Every structure is written in C-alpha cells, then in structure tokens.
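Here the structure comes first, spelled out in structure tokens, and everything after it is commentary.
In this text the structure is predicted, and so the values were computed from the model without any measurement.
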Amino acid sequence: MGAAGSVKAHALPNMCQRKIVKTNPTGAKTECLFADDSSILVSNFVASFIRAGDELLFPLEHEAADAGTQIYIRKTHPEERRSDVFQAEIGYATQPRKDKRNNLFVSAEVPDSQLGISAINLRCEALRDYFYVGNRCRGWDRQSSFYELLRVNPRVSPAELRLAFKLRTLELGTAHAPTGDLRAVNRAFDILARPELRACYDALLDDPTSAALFPYGGFGSLLVAGDISRDGSTFYASRVLSFLPEQNFKRFRAPLRKVAFYNDHAIYRDSRRKLEVLFDQTSLPLLWDSSWNQWKHLLGTKIGVKATFIQSGKYQQRAGAWHLAQWETALPSRVEVALPSSIAEQIADARKVYHRVGEFSEALDLICIRIESAPVERADLQKLCAELGIPADFDISLITWKPDYDAFYYKQLSKRARRLYLFRSEYIFDLEKVVIVETPQLGHATYVFSKPTSMPEFLAVYGWVTKEDIRQNRGNVAERLGFLGRLIHDLNARAWLKELRVEIGEPVDFAEASN
C-alpha cells in the first residue's frame with residue numbers, strides 16, 4: 001500500500017529520536033534505556049515489540065508512553081526485515097475502499113499528529129484478523145466462527161443471541177475458563193449484536209477477502225505493525241497488535257418515548273447527550289413491535305440503563321459540507337435495563353389514550369382549526385369537546401403534544417398555572433406573577449412574560465406576533481408584552497426548574513436543584 005520511508009525528525013523539533021541500548025522490566029512498565037543515559041517507560045506489551053538497537057521516536061515532553069501516546073518503533077536490523085510499530089490515539093476510521101493496487105483498506109485519522117503521521121491505513125484483512133476472530137493467534141482459515149463460539153445457528157434472532165451469550169458466559173465462568181475464552185465470547189456477541197457488524201461478519205464468512213468495517217468507527221488507542229510512507233505522513237498497517245477504545249460507564253434513566261422500535265430490535269438515541277443504546281427483546285423485555293412507534297410519545301415512563309459506552313461516529317453531509325457526527329454507543333455485552341414496577345399499567349394507559357385520540361380524530365381536527373386562529377382557554381375547549389362528543393375526561397393537552405416533548409416541563413408549569421390556553425402549537429400558562437408560553441416539542445425554550453394588567457389584551461397582541469419578533473423586539477412588541485427572557489430546556493431539567501422558581505418568585509432549594 002506504500003513504499004517504506006522514514007519519520008522526518010528534522011521537520012519536528014518537539015520530537016525525540018533515540019536508539020535503544022537495553023530494556024529493563026520494572027513491574028507493570030518497562031524502562032527503555034538510551035545511549036545518552038536518558039530513558040522512557042513503556043507498557044510491557046509495547047516493550048515486547050522492542051529490542052536493543054531499535055530506534056524510538058516519541059514527543060519530547062513525554063517521560064512515559066501510556067496507551068495513546070504517540071510512539072514509533074523503527075526496526076534497524078538489516079539482517080532481518082521486521083515491520084515497524086506505531087502507537088497513536090486515532091479518531092474516525094473511514095468506510096472500506098480500494099487503493100491503487102485494488103486492495104481494500106480503511107484509513108484512520110491521527111488527530112493530534114505529533115510525529116508527522118496524520119493517518120493510519122489498515123488493510124481489511126488486518127481488521128478481519130483482529131476484530132472478527134475468536135483466537136488472534138490463529139489464521140482465518142483455522143478459526144471457529146462466532147456462531148460456533150456462542151453455540152447458535154447463523155439465523156439466530158437478536159433475542160436468542162443474547163440468551164445464548166448469557167448462557168455461554170455462565171458456563172465459562174462456572175468452568176473457570178481462561179480469560180481469553182471469555183473475551184472471545186464477548187467479542188463474538190458485540191459483533192453479532194450490531195446489525196451492520198453482523199452483516200459485515202457474515203460477508204467475511206462467505207468471502208474472507210470482502211470489506212471489513214472498523215467496529216464503531218474507530219476512536220481509541222491503536223498499536224499497529226507496518227511501514228511508513230515516503231513522505232512520513234501515512235503509516236501503512238499490515239497487522240493490528242492492540243486496540244483500546246475510549247470507554248465510559250454511564251447510569252441514567254431513558255424516556256421510553258425516545259426509543260425507536262423495530263420488529264427484532266430497538267434503538268434509544270439521545271441527540272443532546274449524543275448517546276445510543278441498542279436493545280433486543282431480551283434486554284428490553286416488553287414484547288414490543290414496530291407498532292409502538294405510533295403511540296410511544298404518550299408514555300411518560302423512564303427505564304433505568306446501565307452500560308459501558310465507547311466512542312463512535314460517521315461523516316454526514318449537511319449544507320453541502322461533510323461533518324463528523326460523534327456519538328457514544330453502548331457495548332451490547334455491557335447493557336443492563338431496569339423497568340419500573342408500574343410499566344405494564346403505563347403502557348396500557350398510553351395505548352388507551354392513543355386509541356381514544358384516533359377515535360375522535362375528526363373532532364380534534366376541528367379543534368386544531370379553532371386554536372390556530374386565536375388562543376382558547378382550557379374550560380372553553382372542554383365545552384367544545386363535549387359539544388363534539390369527546391368525553392369529559394379527555395386530556396386536551398394531547399391536542400398539540402409532540403412525541404419528543406418531555407412531560408416534566410408541562411407538569412411543573414401546569415401545577416402552578418391558574419389557567420391554560422392552547423394556541424397553535426403552544427401552551428400559554430397564566431400563573432400568579434407571570435405568563436409563560438411553552439411549545440411542547442424538543443428544541444424549544446420556555447418564554448417568560450411579566451403579569452399583564454389584562455390577559456385578553458396580552459393574548460390579542462401575542463396572537464399576531466412571532467417568537468422572532470419578540471426576541472428582536474420588533475415594533476417594541478417585547479416591551480409591550482413584558483418579555484422577561486427565555487428558560488432553556490437544558491440536559492438538566494432541574495436547572496430549568498431552578499430558573500423557573502426564580503422567575504416566578506418561589507423559594508429555591510439549591511440542594512434539590514443541583515441534584
């Protein structure tokens with residue numbers, strides 16, 4: 001994929017280039033001693049690829065090379081041609097493509113290029129022999145398949161796959177199996193549990209020369225063997241020696257309404273926190289199917305999630321330019337879900353409400369036309385509902401409720417309001433000291449106005465202006481309405497509540513708000 005070159009030390013004044021005299025193991029680290037009596041500490045694993053006479057290149061300020069520290073091991077023995085070794089923290093790894101010699105490869109970014117190497121090109125067979133095998137000491141043709149490791153049929157469903165994984169993990173643990181066997185089973189499940197990686201693996205089983213994806217798009221500490229390009233900017237890796245992804249353990253409560261349901265799997269995505277969790281019928285045991293997407297926005301319940309996340313990402317085209325979208329994706333083998341005890345009742349209630357909305361859809365369309373032209377108070381809407389044959393216990397807030405809206409904001413405002421008006425896609429809350437306008441949809445802030453002397457006059461003015469008019473104070477409209485400011489729907493809803501209490505003059509419990 002490239003001709004051997006050298007790292008150009010003269011162009012990088014902050015880089016050290018030293019010849020190793022000897023290595024000295026010191027417990028968890030190995031000391032590499034240089035001819036000038038200086039030294040650097042490296043991991044014992046990295047030291048296993050170093051021998052006396054090799055040249056070491058590393059950033060000047062480092063006295064120890066941890067995982068992710070850029071370090072280049074140049075082999076200098078002419079009698080035996082051995083690949084150089086390079087370690088770096090990588091960013092995004094591209095989709096597979098072909099080079100000039102028609103070889104499939106993936107290119108991984110080196111974001112902070114301290115040694116002049118800005119990219120690592122990895123042959124797809126190198127990815128295959130590291131990420132898609134159970135035993136990395138054997139060739140591809142001598143591997144047991146991931147399906148054989150988990151003792152399942154290749155046509156196994158996602159739910160059955162997880163059950164098999166749990167059973168194999170339990171069996172290996174009871175038998176005190178080697179750590180390598182447990183890691184192989186975890187690797188098998190983490191690949192097969194992701195639809196795109198499972199498709200890639202199945203293609204490799206059919207044709208070992210087919211394209212191999214870098215799982216989850218890269219992002220982590222990569223140690224590879226290979227050669228450098230002539231200009232020193234690209235390292236051509238023929239073998240992956242180690243990869244340590246960036247990992248974070250998280251525990252949180254996820255709104256069930258944000259889960260996208262499919263027939264054999266479900267995906268929770270949080271666009272604000274940049275989190276993604278994939279579920280199957282075993283990890284999220286609710287007997288769901290794709291029809292849940294029609295009424296899930298009526299679910300106020302949240303599920304408890306504990307998971308280990310790794311960085312992932314891909315490029316997306318927006319406004320004619322490509323942008324890297326980075327997410328944290330939960331490892332399938334490290335996902336645990338806790339369901340609230342009342343979830344069955346909440347699901348039944350949400351389904352009931354959905355069917356009721358559908359039953360009275362024509363009448364609700366007439367109400368939507370009415371509130372499009374002018375704000376209508378809740379009591380008047382309830383009378384209108386009764387005239388149209390809608391039962392008195394129907395919740396009128398559902399008329400403009402959007403699927404991605406968090407009920408927390410509505411509940412906090414509703415319990416403080418003296419009156420509620422519906423206008424277009426908004427709620428207008430009349431509180432004791434202020435008036436608040438809330439759009440029940442993700443991405444909208446809470447608008448706060450001072451208490452008007454006449455609510456009908458306030459509504460008359462508000463009915464013909466836009467939010468942009470208010471923010472820009474066009475025609476002095478913000479002053480006429482008594483606009484006080486906006487409360488942003490932040491990641492921490494309690495912070496929003498703390499600001500709300502300040503605006504309406506309630507005493508604030510700062511300890512509670514910080515939680």
Nearest heavy-atom approach of Ile40 to Phe34 is CG2-CZ, 3.6 Å

Exercise for the section: Could you give me the CA-CA distance, side-chain angles and deciding distance for Phe219 and Ile310, then say whether side chain to side chain contact (heavy atoms under 4.5 Å, CB included) is met? Expected result: CA-CA 8 Å; Phe219 304 98; Ile310 62 175; over 6 Å; no

Rounded to the nearest 0.5 Å, the CD1 atom of Ile347 sits from the CG atom of Leu256 at a distance of 6.5 Å

- Taking the side chain as every heavy atom from C-beta outward, state whether Tyr410 and Pro440 have any atom pair closer than 4.5 Å. no

Would you call the rings of Trp496 and His489 parallel, tilted or perpendicular if under 30° counts as parallel and over 60° as perpendicular?
perpendicular

For Tyr92 and Gly313 the tightest heavy-atom approach is CE1-O, 3.4 Å

Side chain proximity check, Gln87 to Ser242, heavy atoms < 4.5 angstrom
no

Check: Is the closest side-chain heavy-atom distance between Leu57 and Met15 below 4.5 Å?
Finding: yes

One should read off an interatomic distance between Leu413 CG and Leu497 CG, to the nearest 0.5 angstrom, of 9.0 Å

- Query: Is there a donor in the side chain of Tyr262 and an acceptor in the side chain of Asp264, or the other way round, less than 3.5 Å apart?
  - Reply: no

For atom NZ of Lys402, decide whether the heavy atoms of other residues, nucleotides or ligands shown that lie under 6.0 angstrom number more than 12. yes

Nearest heavy-atom approach of Tyr216 to Thr329 is CE2-CG2, 3.7 Å

Review point. Does the pair Arg168/Glu171 count as a salt bridge with the N-to-O cut at 4.0 Å?
Key: yes

Review point. Hey, does the side chain of Asp84 reach the backbone of Lys75 with a donor-acceptor pair shorter than 3.5 angstrom?
Key: yes

- Message: Between Arg136 (side chain only) and Tyr130 (backbone N and O only), is there a donor and an acceptor less than 3.5 Å apart?
- Response: yes

For Glu31, the side-chain hydrogen bond (donor to acceptor under 3.5 Å, both in side chains) test, sequence neighbours excluded, returns Ser39

Does Gln143 use its side chain to pair, donor to acceptor, with the backbone of Asn135 at less than 3.5 Å? yes

- Task: Check whether any side-chain N or O of Gln281 sits under 3.5 Å from a backbone N or O of Trp288 as a donor-acceptor pair, and report yes or no.
- Result: yes

We want to know whether Arg471 and Tyr447 form a side-chain donor-acceptor pair, criterion being a heavy-atom distance below 3.5 angstrom. yes

Discussion item. Less than 6.0 angstrom separating the ring centers of Phe146 and Tyr132, yes or no?
Written reply: no

| Checking Asn293 side chain against Phe261 main chain: does a donor-acceptor pair fall under 3.5 Å? | yes

Does Arg187 make a cation-pi contact with Phe131, if we ask for NZ or CZ under 6.0 Å from the ring centre and within 45° of the axis? no

Closest non-hydrogen contact found for Pro96 with Leu213 is CD-CD2, 3.6 Å

Residues pairing under salt bridge (Lys or Arg N to Asp or Glu O under 4.0 Å) where one sits in residues 195-220, two or more places apart or in two chains, turn out to be Arg194-Glu196

Interatomic distance, CH2@Trp140 vs CD@Glu125, rounded to 0.5 Å, equals 12.0 Å

- Task: Applying side chain to side chain contact (heavy atoms under 4.5 Å, CB included), run through Gln311 and Glu328 and close with a yes or a no.
- Result: CA-CA 5 Å; Gln311 287 290 328; Glu328 289 186 86; 3.5 Å; yes

With the side chain counted from C-beta on, respond yes when Arg123 and Tyr236 share a heavy-atom pair under 4.5 Å apart, and no when they do not. no

**Report entry** Any donor-acceptor N/O pair, Lys258 side chain to Asp270 backbone, under 3.5 Å
**Finding:** no

Exercise. Quick check: does any side chain N or O of Ser118 sit under 3.5 Å from a backbone N or O of Ser113, one acting as donor and the other as acceptor?
Worked result: no

Between Ser333 and the options Asp190, Thr169, Thr308, the side chain to side chain donor-acceptor pair (under 3.5 Å) test singles out Asp190

_With a 4.5 Å cut-off on side-chain heavy atoms, are Val46 and Ile73 touching?_
yes

query = Can you tell me if Arg257 uses its side chain to pair, donor with acceptor, with the backbone of Tyr405 under 3.5 Å?
reply = yes

Closest non-hydrogen atoms of Val85 and Leu223, given as atom of the first, atom of the second and distance, are CG1-CD1, 3.5 Å

d(Leu149 CG, Asn186 CG) to nearest 0.5 Å is 11.5 Å

Worksheet entry | From CA spacing to verdict: side chain to side chain contact (heavy atoms under 4.5 Å, CB included), Phe165, Leu192 | CA-CA 10 Å; Phe165 166 66; Leu192 298 181; over 6 Å; no

Original post:
Is any side-chain heavy atom of Val259 closer than 4.5 Å to a side-chain heavy atom of Lys296?
Top reply: no

- prompt: With no hydrogens and no angle check, is any side-chain donor or acceptor of Ser83 less than 3.5 Å from a backbone partner on Ala225?
  reply: no

* Asked: Between Glu499 and Val448, does a side chain to side chain contact (heavy atoms under 4.5 Å, CB included) hold up when you go through it step by step?
  -> CA-CA 11 Å; Glu499 290 187 60; Val448 184; over 6 Å; no

dist Glu109:CD -> Thr94:OG1 (nearest 0.5 Å) comes out at 9.0 Å

Contacts of Ser283 meeting side-chain contact (heavy atoms from CB on, under 4.5 Å) (sequence neighbours excluded), chain-then-number -> Arg162, Phe279, Asp280

**Prompt:** Is Leu284 close to Tyr268 at the side-chain level, that is, under 4.5 Å between some pair of heavy atoms?
**Reply:** no

Q. Within the distance-only criterion (no hydrogens, no angle test), does the side chain of Gln70 pair as donor or acceptor with the backbone N or O of Gln114 below 3.5 angstrom?
A. yes

Taken to the nearest 0.5 Å, the spacing of Glu160 CD from Leu167 CG works out to 13.0 Å

Heavy atoms from other residues, nucleotides or ligands near NZ of Lys411 exceed 12 (cutoff 6.0 Å)
no

Requested in this report: Step through the shown structure and confirm whether more than 12 heavy atoms of other residues, nucleotides or ligands are within 6.0 Å of CG on Leu287.
Outcome: no

In terms of heavy-atom contacts, Ile343 and Leu339 come closest through CD1-CD2, 4.1 Å

Margin query: Over 60° means perpendicular and under 30° means parallel, so tell me whether Phe243 and Phe214 are parallel, tilted or perpendicular.
Written below: perpendicular

